[in-house]
Amino acid sequence: MDEEERMRERTLVLLKPDAVKRELVGEIISRFERKGLKIVGMKLIKFDKELSQKHYQEHVNKPFYPDLEKFITSGPVVAMVLEGPDAVETVRHIVGATNGRKADPGSIRGMYSNSFSRNLVHASDSKEAAQREISLFFKPEELIDWERDDFFYYASDE
Ligand SMILES: Nc1ncnc2c1ncn2[C@@H]1O[C@H](COP(=O)(O)OP(=O)(O)OP(=O)(O)O)[C@@H](O)[C@H]1O
Ligand SMILES: [Mg+2]
């Protein structure tokens, strides 16, 4: 893989219904922005059972799945695609361990979640998962390439 490709790796992030209902969306998105991850896709969605089963395909037969499905379908979810160097690994690191009580205190889950199942954020766990999950939530034309531009800090209408 060339360097250019590595710098532009993409991953899927979901801000789950607990993040939206606790009004932590802005706070969490800020963490990603400040880390230097670029938002290249974003929308507010509502999961139905079918989407939950597709997204959580590796968990569908697990005992905790019914609760997971009930939770993820319980309210709006913010779906985002983030781009940056080693985005999959970097985002997982910032999000922290699954259990909010065990997650590193500097991570998003460690800072804001006190729960194992209501842990605010989903992030793809491999490049293959990222590709599959991005295509589940976004059409290619919904992902937008853009460049940072210092001009907007200094531009004036006066
Ligand atoms: N044993 C369990 N009991 C209850 N809920 C669980 C259990 N294991 C996982 N979950 C829930 O299912 C979600 C998906 O589990 P997974 O193992 O993929 O964790 P994760 O990759 O850290 O989280 P996510 O996929 O949401 O980013 C977890 O976020 C958690 O809310
Ligand atoms: Mg997972």
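What you see is a predicted model, and the numbers here were worked out from it, not measured in a lab. Whatever order the structure lists ligands and atoms in, that order sets their numbers, starting from 1.
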Is it true that [X] and [Y] make a salt bridge, defined as a side-chain N closer than 4.0 Å to a carboxylate O?
X      : Y     : value
Asp145 : Arg8  : yes
Arg118 : Asp67 : yes
Glu89  : Arg92 : no
Lys54  : Glu50 : yes

Contact partition for Lys62 relative to ligand 1, non-hydrogen atoms under 4.0 Å: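 Neither; nothing of Lys62 gets under 4.0 Å from ligand 1.
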Could you check [atom] against the protein and tell me its nearest heavy-atom contact, residue, atom and distance included?
atom                    : result
atom 10 (N) of ligand 1 : Phe64 CE1, 3.4 Å
atom 16 (P) of ligand 1 : His59 NE2, 3.4 Å
atom 7 (C) of ligand 1  : Phe116 CE2, 3.1 Å

Considering only heavy atoms, which of Arg109, Arg118, His122, Arg92 lies nearest to atom 23 (O) of ligand 1? Arg109
So if I count the atoms of ligand 1 from 1 in the order they appear, which ones are less than 4.0 Å from some heavy atom of [X]?
X      : value
Asn119 : 28 (C), 29 (O), 30 (C), 31 (O)
Leu68  : 12 (O), 13 (C)
Ala123 : 27 (O)
Ser117 : 31 (O)
Lys16  : 26 (O), 29 (O)

Return yes when atom NE2 of His59 has more than 12 non-hydrogen atoms of other residues, nucleotides or ligands closer than 6.0 Å, and no otherwise. yes
Hey, does Tyr56 sit under 4.0 Å from ligand 1 if you only count heavy atoms?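 True for this residue.
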Would you say Thr98 and ligand 1 have an N/O pair spaced under 3.5 Å apart?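 For ligand 1, there is an N or O atom that lies under 3.5 Å from one belonging to Thr98.
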When rounded to the nearest 0.5 angstrom, what is the spacing between OG1 in Thr98 and CZ in Phe116? 5.5 Å
Ignoring hydrogens and angles, tell me if any N or O in the side chain of Tyr65 forms a donor-acceptor pair with the backbone of Gln53 under 3.5 Å.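 Side chain of Tyr65 to backbone of Gln53: a pair is present.
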Say whether, by atom type as modelled, one donor and one acceptor occur between the side chain of Lys38 and the main chain of Trp146 under 3.5 angstrom.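 The answer is yes, because a donor-acceptor pair under 3.5 Å joins these two groups.
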